[in-house]
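Okay, structure first, notes after.
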Amino acid sequence: MVGLVDHVRNGFDPTHMLTDWDTGQTELLPDGRTLRTFTVEAIDKEIEIAPGLFFPAWTFNGRVPGPALRAREGDRLRIVFRNLGSHPHSMHFHGIHSARMDGVPGAGLIEPGEEFVYDFDARPFGCHLYHCHALPLKRHMHKGMYGLFVIDPDPSRHPENVEVAASRVLGSPENARWQEMAMVMNAFDTNFDGGNEVYACNTIGQAYMNVPIPVDKSRPVRIYLLNVTEFDPINSFHLHANFFDYYDTGTNLTPTLRTVDVIMQCQAQRGILEFSFADHEPGMYMFHAHQSEFTELGWIGMFDVRDPSA
Ligand SMILES: [Cu+2]
């Protein structure tokens, strides 16, 4: 992978994507609840996934992964979905909702030119995903139709862990010291032979080798991690020279795993990683899939750990 991808032409940048949460438009309902509205459009778009290597993607809002939607536990959600693409598409959310809102054929799967509004409550809190559920499913998945769907816990509902819950609420004072990042592990079958040629975190092979992710060592790191890799049964995340706590699916406020340095996820598995470089010396700390093939084909990056004054 020699050279650089033209992120401007793509219309999305993997560095910006780490913190680019789509929190929608909010308004207060008569009963005091928040109505949160997202607008998502399916768009056919050719994207550059490695220097000079183009992929005819199907996207949500012109980017792969699609927008990282973020809501609060208990919100009423309204997702206005328009299909501007050339194939039938849907948005199937991992979460709790009625059958009518499931994004499968007969329940929100729409033809080109159509619109559908998904309507449901934001629950349970956690690190979730959405993806197109049109058939053939594996084609619509690997074309790029997926994204993160994070529901922050409502601290008032979790008195036993109120501080942990508050730290997860985007924009709260307790959240401010965290360095949060959205990461989606994906891959691309560029010659349509049913196997992947490029692997990545956030679509662009080796993006975070070319532009390491700056980390202030005095502040903890929280990663919302999702695997959507098609054709390979699992993917994984390995952090060098450090260990992390892992919250499977993000649906609990105490860790599922403590002090681990690698976790694996099958397709649609996701979770929250928390770690700190507070006791480390500054430097470049690697992270990557621990399937060597994936690493060598693009799924590798660096944290550029710095003193706060540097
Ligand atoms: Cu689709």
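The basis for the numbers below is simple: all heavy atoms, side chains too, and nothing from hydrogens, waters or symmetry mates. We count ligands from 1, going down the list as the structure has it; atoms in each ligand are counted the same way.
- Under a 3.5 Å cut-off, the side chain of Gln179 and the backbone N or O of Arg219 do form a donor-acceptor pair.
- Taking backbone and side chain together, His140 holds an N, O or S atom under 2.8 Å from the Cu ion (ligand 1).
- Below 30°, between 30° and 60°, or above 60°: for His288 and His290 the angle between ring planes is between 30° and 60°, a tilted geometry.
- Aromatic ring orientation, Phe294 versus Tyr199: parallel (interplanar angle below 30°, classes split at 30° and 60°).
- The atom name of the N/O/S atom in His89 closest to the Cu ion (ligand 1) is ND1.
- Between Tyr146 and Asn186, the side chains place a donor N or O and an acceptor N or O closer than 3.5 Å (distance only, hydrogens not considered).
- For His87, every N, O or S atom stays at 2.8 Å or more from the Cu ion (ligand 1).
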